[in-house]
There are 2 protein chains.
Amino acid sequence: MNIKQLLIGKPFPSSSAHHERLDKVRGLAVFASDPISSNAYATEAIMRVLILISAAALSYTLPIAIGIAALVLLVVLSYNQTIHHYPMGGGAYMVSKDNLGRTASWLAGASILSDYVLTVAVSVSAGVKAISSAFPDVAFFHEHRVLIGIGIILLITWLNLRGVRESGTIFAIPTYAFVFGVFVVIAIGLARYFGIFGEPLPPRSVATDETARSGLDNFGLIWLVLRAFAGGCTALTGIEAISDGVQAFKNPAPKNAIITMRAMAVMAMTLFIGISFIATHIPITILHEGGESVLSQMTRTVVGSGFMYYWVQFTTMLILILAANTAYADFPRIAAFLSNDGFLPRWLSRLGSRLVYSSGVIALAFLASALLAAFGGEEHHLLPLYAIGVFLSFTLSQAGMIVMWRKVAKLKPGESLDTGITTLHYEPNYKLKRIPSIIGVGLTAVVLVVLTVTKFTEGAWLIIVALPLIMLLFRKIKAHYDHVATNLSLTGLKPSDLRSPADVAIVPVGSIHRGSLRAIKYALKLTDDVRVVQVVGSEEEEIKTRKRWEQWDEVLGKAKLVFLHTDYRDYLTPLVDYVDQVNNKEFPGDLITVVIPEFVPDSTMAKVLHNQTAVMLLLALRKYEDVVVISVPYHLHYIPTGSEDIVAQKPAA
Amino acid sequence: MNIKQLLIGKPFPSSSAHHERLDKVRGLAVFASDPISSNAYATEAIMRVLILISAAALSYTLPIAIGIAALVLLVVLSYNQTIHHYPMGGGAYMVSKDNLGRTASWLAGASILSDYVLTVAVSVSAGVKAISSAFPDVAFFHEHRVLIGIGIILLITWLNLRGVRESGTIFAIPTYAFVFGVFVVIAIGLARYFGIFGEPLPPRSVATDETARSGLDNFGLIWLVLRAFAGGCTALTGIEAISDGVQAFKNPAPKNAIITMRAMAVMAMTLFIGISFIATHIPITILHEGGESVLSQMTRTVVGSGFMYYWVQFTTMLILILAANTAYADFPRIAAFLSNDGFLPRWLSRLGSRLVYSSGVIALAFLASALLAAFGGEEHHLLPLYAIGVFLSFTLSQAGMIVMWRKVAKLKPGESLDTGITTLHYEPNYKLKRIPSIIGVGLTAVVLVVLTVTKFTEGAWLIIVALPLIMLLFRKIKAHYDHVATNLSLTGLKPSDLRSPADVAIVPVGSIHRGSLRAIKYALKLTDDVRVVQVVGSEEEEIKTRKRWEQWDEVLGKAKLVFLHTDYRDYLTPLVDYVDQVNNKEFPGDLITVVIPEFVPDSTMAKVLHNQTAVMLLLALRKYEDVVVISVPYHLHYIPTGSEDIVAQKPAA
């Protein structure tokens, strides 16, 4: 307990929950860091594909980026409505659950969860890559990227276990530092490009170590452009985050969430377009994975390798790691929603002492580390898996919203409808409000298909395989809990249905000592039919033992001595068999009671020196559902020899 | 359980114990293999030292060997008396315990036990060496000797867990095969040497890779001769084995033991002298450790590298391993004696299902493997530690015997004396019988001193350090058991001293379901003061819960609802605190009862999906000595929904 407190701090009282929520500034840091951080690789992802067409094709980068930005705008508007109508959070999961039915909600849940696991793995490995780009000649970072990555994951996990607000505070500064840094670079870049000040940027020229494909037919061309677009869509990842974690915000949560989400979108897209512009108007080398990133090259060209360069590099690394932190803010929440609905283990919906879903946090850390290790910390291998989950949830949530709008459409002024999850009210201008969802669902669906097709062979198939399996898991878990519920349910239960204890108590004893006598005395308080059961190896042993018991008649009272004879060394089985027989033959259908004198060792020494047959018996009897086990403990005390009976001790609690 | 049976076989009924004992032939195989196997290195041990004086000095080998043989004779005669007077076995330990007092018996016990651990380590590593000598050019055996060694230890352990008799049978053949083989080699060797037949042996000539010390003064000379003698004394190791395990023999155990011991001594010493003779009359190369052994060279010279050579090599390896088996026959027995006296953990004195002291066998295997690994499987590094323990026990047992004879001396004809361990009778010719002990104790004491001094720096100091520590351990354990005894002792215990259960039962519940109702119903059977305790986070929660309980008034009956309010997520502590307070404030000095509805998961699925707060509570309450914990189990059954109460199930036992 004390170690735990030392690590994650003193427990928070539940009543202080609202204190632990995030204001807009912190909220932006926690949630926006994911989409903003995408800027570290989104542009590069586009260029990597375009270069396959030709160096000239790189000029498509900017238009594609603008197209993506437009898409982001639509999606954000759609999600604003989601937040507004589903203020409890849960984003795509809640929307699908409320409007598209269970299976859809499972699909949404599965894709959101797997996506957040990927977010952590991708972000962290990209973060590590950012460092190695800064020091291209230091092999260490690149070689040990997996270990470094897992180390970072553990760090973030630890901070998150300390509470949302605390981690929010810690992570706020670097986010803004990154945004500031990149803005400066873009500004200077533009200034130099348009000759406002400084010497003009070196003319565009592209070197590459990949050979451009010669003689592409139209299809090949479109194909590659689509791939480029899909690649750039990684810039959208994370923009839904806020809708999942609305309740992380201070009240009024939905309002604050919406404002933050818009701020975030504007910020992220400005950076995206800015980077895409500069990067396509300077000399750039597209390297294989592990080489220097485009952002790094661009910064170097624009501001040189001075302080500003390292500022950007360093904050890039930090923001990429913070993107992981966004997942930490959402994954446990979504997991908790699913757990409350009985699709995931119950304990995922229990708040820890610091009012975070600790088990969810730990689960995420575990899964992400495994993934990171499995993919050798190369984020370019992870990215293909990444975007699909996001777009699946985009499509589902917007589809869900459209269904929701249809419900709203049916409402007369003043009317409202309780869907069981949220309450819908009459909204005059719903026609206007649903437009983004309608256009959005189409576009995101298209992107989803493109992504799946283009990235299928690159690894996307993994997701296509994983999602149904995860959904199957949800289903199995749900089935189990339903089953438990019926089993324990009280419907149609008459008090008389409950088993009543039979008038019998079995006291298995090894030898006569204060412990066993204590147990017998206790048993006699329960019933008159007390059976002191002892296993013996021979007639002589029985006779000897009977003799020894004689002097304790007073304690035994009505209790009977039962001797079980065995010719084998194993004394446990005969006892269990006896209990079994009493349970099933003598008192079928009643609860029978076994009173076990249990020696509780106080020291490790004692643990080693006494083999705890009592414990073994306890475990053996757990199988029996109508056997109530009473353990009468006896401890040892370091008291002078020959003193009276064992005295009560305050446990070293 | 089934895996266990598969490995070590079906349990033996205790009544068949006598069947499991050893006849003389098997007994010899099990116990004599240790001293007989010493012949594989005893002669070499002498020569290794003598060569340091000069090649010529090797001619001392034979006289030294004869001297040692004489010593063996004395010791054996002395031990015959031990067996005769202490037919229960335990050798030096029993004798010292009966005649020299506790500390001496501890010393004896410590040295015997440590010696048996060494026996295993030494024998096995020597066995592995025997193979590598047979194939000097196959590096494998030498390189992996540690792993091979441990592998062999596991094999012997396994066989011994299957029972004494079974292992005796398995190990009989190789022992006799070795004895036969070496006898043949010696016979042929002598025949060729004395020119009875075959071409005469090649003339003696000594090569060595160690340089002889030049210009030794007398002291140096004596020193080295003594060291040589001490080295050869390893031939004595194991001759006491039979006296430790007398009860392993069929009845009349002592008689059979004595006969076997004598046969053994004659056999072993004939081999020893024979080998020493031949080895000193042929060309020999004394190599560093790991090189070809003297026995191997001798065999090669006498019978060539044919079938007979490999016969001897192979059986040598086997016998060396069997020497380890002797330790397996004795260590657990001695350990059991010490455990019965409360100097070692009790479980060491429990027979396993195959009527062997399984825990002792396993303990031995563990310790020996550790030692073997620690010394890199080089038996020459282990030998110095080895002999000391043996001679300590020799000296102690013979000293003990002398004291015993003094007691016997006091007895008149027809008189007899019960020492509490054995019964001594009047013996007319005790004067004669005690002679071997009297001479023996002197000689073994001298050897002990020589061994300690000469081998101190070679590693013997380890034993000198270890023995007192082991004795200290015995002492601590004894103290603990004594303490337990007083604690549980019934002396001066009036039945009224025993705590009686207070009229109260606490039922902690998480929610209302069949499980908790079941527990409440059970509790009401015990007392009227039943307190159904529930932890809540808020007033509203309390009110809601009270409402739900109302419909179960009939079950609740006299039971009171107690609500514990907490503002923290941890629901366990409030419960424990409440119990604590009832225990120490309300009913100080009485037993109070806690009835826990315990969900027993039937599947791993269930284990994962339910966090078992009940179990955690059970553990937390173990601290309390006056808290009796009753666990009322409830299981899940795959029964149709809405059926009646949980039906009794036959457990899958």
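So that the names make sense, note that chain A is the first sequence line, chain B the second, and so on, each numbered from 1.
- Using a 4.5 Å cut-off between heavy atoms, A:Gln551 makes no contact with chain B at all.
- Shown are A:Val628, A:Val629, A:Thr593; of these, the side-chain contact (heavy atoms from CB on, under 4.5 Å) with B:Val632 is made only by A:Val628.
- For the side-chain hydrogen bond (donor to acceptor under 3.5 Å, both in side chains) test, no residue two or more places apart in sequence or in another chain qualifies with B:Glu541.
- For A:Val595, no part lies near chain B; criterion is any non-hydrogen pair under 4.5 Å.
- Partners of B:Arg548 by side chain to side chain contact (heavy atoms under 4.5 Å, CB included), not counting sequence neighbours, listed by chain and number: B:Ile512, B:Lys544, B:Thr545.
- In this structure, chain A has a heavy atom under 4.5 Å from the side chain of B:Leu591, while its backbone stays farther away.
- Of the residues considered (A:Ser538, A:Ser339, A:Pro345), A:Pro345 shows the highest number of contacts with chain B, using heavy-atom pairs under 4.5 Å.
- B:Val356 approaches B:Gly163 most closely through the heavy-atom pair CG1-CA, 3.8 Å.
- Heavy atoms closer than 4.5 Å to chain A are found nowhere in B:Asp590, neither backbone nor side chain.
- Note: B:Pro633 leads B:Gly537, B:Pro633, B:Ala620 in heavy-atom pairs under 4.5 Å with chain A.
- Of all heavy-atom pairs between A:Ser359 and A:Trp347, the closest is OG-O, 3.2 Å.
- Of the atoms belonging to A:Asp553, not a single heavy atom falls under 4.5 Å from chain B.
- Both the backbone and the side chain of A:Ile477 come within less than 4.5 Å of a heavy atom of chain B.
- For the residue pair A:Leu344 and A:Tyr481, the shortest heavy atom distance occurs at O-CE1, 3.7 Å.
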